[in-house]
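Down below is the structure, laid out as structure tokens.
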Amino acid sequence: MKLKEQINMSNLPKHIAIIMDGNGRWAKQRGFLRTIGHENGVKSLRTTITTCGELGVDYLTLYAFSTENWNRPKYEVDKLMELLIKALTKEIPTFMKNDIALNAIGNIDLLPEKVREKLTDAIDKTKENKRMTVTLALSYGSRAEIIHAIKEISIKVKNNIISEDNIDESIINEHLYTHNMPDVDLLIRTSGEQRISNFLLWQIAYAELYFTEVLWPDFSEDELYRSILSYQNRERRFGKTSEQIK
């Protein structure tokens, strides 16, 4: 039986997040520049978005560029920004055809002006699409996001808009970049690394974690299916006992 046929369509993760790791190592193994790995990673990105849309996943969040990535060599950062512009321009028709909305989270103001313009244009053109929301985490760091939320809440407490006694999880959620999204159900990281790397720390509190040795440019439909099958074979208890869940 094919992997896709084994998936229980009534138990899909509503929100999948992916740390797309391994582009540089993929290129190095083949004697290429790291930037060639990023170019090939775009193919896996397209495959993953299309497959999630076909399956019926509601939200897909992709760690595309972290706040720490600004420290990489300038030529690599420039190439990543160039690839982002090309991808945004090229993929809009695909997003429209498949009823997919584009979203972005992070400190977008730090992105080059051309990237911000293309990103804003793509988000605006796809905002009415309903089938799935694809979110790019760009210039994103979860600690920075949480600090930003705390500052906003503090200002509102100071101005008597929010009472400190009323601060709870829902208030914090409302002030995160992801306020219009549900928590992550399944977090995937490629390339064999087993760490979170400052990605959606609050939102993955009860996510199922899936680590694969596959490098991102080699991440295929079948690898995505394997991650979902692993998710479906786990018991999600959210602090309760197995007996309570049953």
Side-chain angles (χ1 to χ4, degrees), residues 1-9 11-32 34-66 68-69 72 76 80 83 87 105 132-138 140-142 178 181-237:
M1 184 185 297
K2 294 182 179 180
L3 288 172
K4 184 177 181 180
E5 295 171 355
Q6 298 175 41
I7 292 176
N8 178 358
M9 301 301 287
N11 184 30
L12 288 171
K14 187 179 181 70
H15 186 176
I16 295 177
I18 305 179
I19 300 174
M20 305 178 292
D21 194 18
N23 289 340
R25 271 165 285 173
W26 184 92
K28 188 176 181 180
Q29 288 173 5
R30 290 159 176 78
F32 300 144
R34 288 175 57 85
T35 51
I36 301 298
H38 296 312
E39 290 177 3
N40 281 271
V42 172
K43 300 174 184 176
S44 297
L45 178 60
R46 186 180 300 115
T47 296
T48 300
I49 291 172
T50 302
T51 305
C52 283
E54 291 172 349
L55 285 173
V57 173
D58 293 328
Y59 296 88
L60 175 64
T61 301
L62 302 157
Y63 206 5
F65 193 86
S66 74
E68 291 77 22
N69 287 156
R72 291 189 174 187
E76 184 175 345
L80 283 166
L83 283 172
I105 57 174
M132 180 173 72
T133 298
V134 172
T135 299
L136 299 178
L138 293 164
Y140 173 87
S142 188
T178 55
M181 290 186 272
D183 282 347
V184 176
D185 296 305
L186 171 62
L187 173 69
I188 301 167
R189 180 166 188 154
T190 58
S191 87
E193 303 291 354
Q194 298 187 21
R195 55 179 176 269
I196 306 304
S197 296
N198 197 20
F199 184 47
L200 301 175
L201 300 177
W202 176 276
Q203 298 87 339
I204 64 168
Y206 278 101
E208 298 299 323
L209 309 183
Y210 181 85
F211 301 106
T212 174
E213 296 288 332
V214 174
L215 301 176
W216 178 247
D218 292 326
F219 191 79
S220 62
E221 289 181 25
D222 278 352
E223 287 301 325
L224 178 63
Y225 297 149
R226 287 189 185 96
S227 69
I228 293 174
L229 287 169
S230 175
Y231 166 86
Q232 292 183 339
N233 285 322
R234 302 182 192 184
E235 183 180 67
R236 305 191 74 203
R237 296 192 297 273

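Keep in mind the model is a prediction, meaning the values are calculated, not measured.
Of the inter-residue distances, the one linking Leu224 atom CG with Ser44 atom OG reads 11.0 Å to the nearest 0.5 angstrom. Summarising the geometry, atom CZ belonging to Arg72 is positioned 4.5 Å from atom CG belonging to Asn69; distances are rounded to the nearest 0.5 Å. Interatomic distance, CG of Leu45 versus NZ of Lys43, reported as 13.0 Å (0.5 Å rounding). Expressed to the nearest 0.5 Å, how far OG1 of Thr48 lies from CE of Met20 amounts to 8.5 Å. The CD1 atom of Ile19 sits 5.5 Å away from atom CD1 of Ile196, with the distance rounded to the nearest 0.5 Å.
With sequence neighbours left out, Tyr206 forms a side-chain contact (heavy atoms from CB on, under 4.5 Å) with Phe238. Annotation: side-chain contact (heavy atoms from CB on, under 4.5 Å) contacts of Gln194 (sequence neighbours excluded): Phe211. Among residues two or more places apart in sequence or in another chain, the side-chain hydrogen bond (donor to acceptor under 3.5 Å, both in side chains) test is passed with Asp21 by Arg25, Arg189, Ser191.
Proximity of Leu186 to Ser227: side-chain heavy atoms (C-beta onward) are separated by under 4.5 Å at one or more points. Residues Phe199 and Ser66 form no side-chain contact, since every pair of their non-hydrogen atoms from C-beta on lies 4.5 Å or further apart. Under the 4.5 Å side-chain criterion, counting only non-hydrogen atoms from C-beta, Trp202 is not in contact with Thr178. Looking at Leu187 and Glu208, their side chains never come closer than 4.5 Å, going by heavy atoms from C-beta outward. Taking the side chain as every heavy atom from C-beta outward, Ile188 and Leu209 never approach each other to under 4.5 Å. Side-chain contact between Glu5 and Tyr225 is absent, with no heavy atoms from C-beta onward closer than 4.5 Å. The side-chain heavy atoms of Tyr59 and Met132, taken from C-beta on, include no pair separated by under 4.5 Å. Between Thr135 and Leu62 there is no side-chain heavy-atom pair separated by less than 4.5 Å.
Using a 3.5 Å distance cut-off with no hydrogens or angles, the side chains of Trp26 and Asn40 do not pair a donor with an acceptor. A donor-acceptor contact closer than 3.5 angstrom is absent between the side chains of His15 and Gln203.
Residue Leu12 comes nearest to Tyr231 through the heavy atom pair C-CE2, 4.2 Å, listed as atom of the first residue, atom of the second, then distance. Closest non-hydrogen pair, Tyr140 versus Leu200, comes out as OH-N, 3.3 Å. For the residue pair Tyr63 and Asn198, the shortest heavy atom distance occurs at OH-O, 3.4 Å. Ala27 and Arg34 make their closest contact through CB-CA, 3.9 Å (heavy atoms, listed as atom of the first residue, atom of the second, distance). The two residues Cys52 and Ile16 make their nearest non-hydrogen contact at SG-CD1, 4.3 Å. Of all the heavy atoms in Val214 and Thr190, the pair that sits closest is O-CB, 3.1 Å.
Of the charged side-chain nitrogens involved, at least one lies within less than 4.0 Å of a carboxylate oxygen, so that Glu223 and Arg226 count as a salt-bridged pair. Using a 4.0 Å cut-off between a side-chain N of Lys or Arg and a carboxylate O of Asp or Glu, Lys4 and Glu221 do not qualify as a salt bridge.
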Run Thr133 and Leu60 through side chain to side chain contact (heavy atoms under 4.5 Å, CB included) and show every step you take. CA-CA 6 Å; Thr133 298; Leu60 175 64; over 6 Å; no
Given side-chain hydrogen bond (donor to acceptor under 3.5 Å, both in side chains), test Arg46 with Thr50 step by step and report yes or no. CA-CA 6 Å; Arg46 186 180 300 115; Thr50 302; over 6 Å; no
Would you sort out whether Arg236 and Asp185 count as a salt bridge (charged side-chain N to carboxylate O under 4.0 Å, His left out), showing the intermediate values? CA-CA 10 Å; Arg236 305 191 74 203; Asp185 296 305; 3.1 Å; yes
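Of the possible donor and acceptor atoms, none in the side chain of Thr61 sits under 3.5 Å from a partner among the backbone N and O of Ala17.
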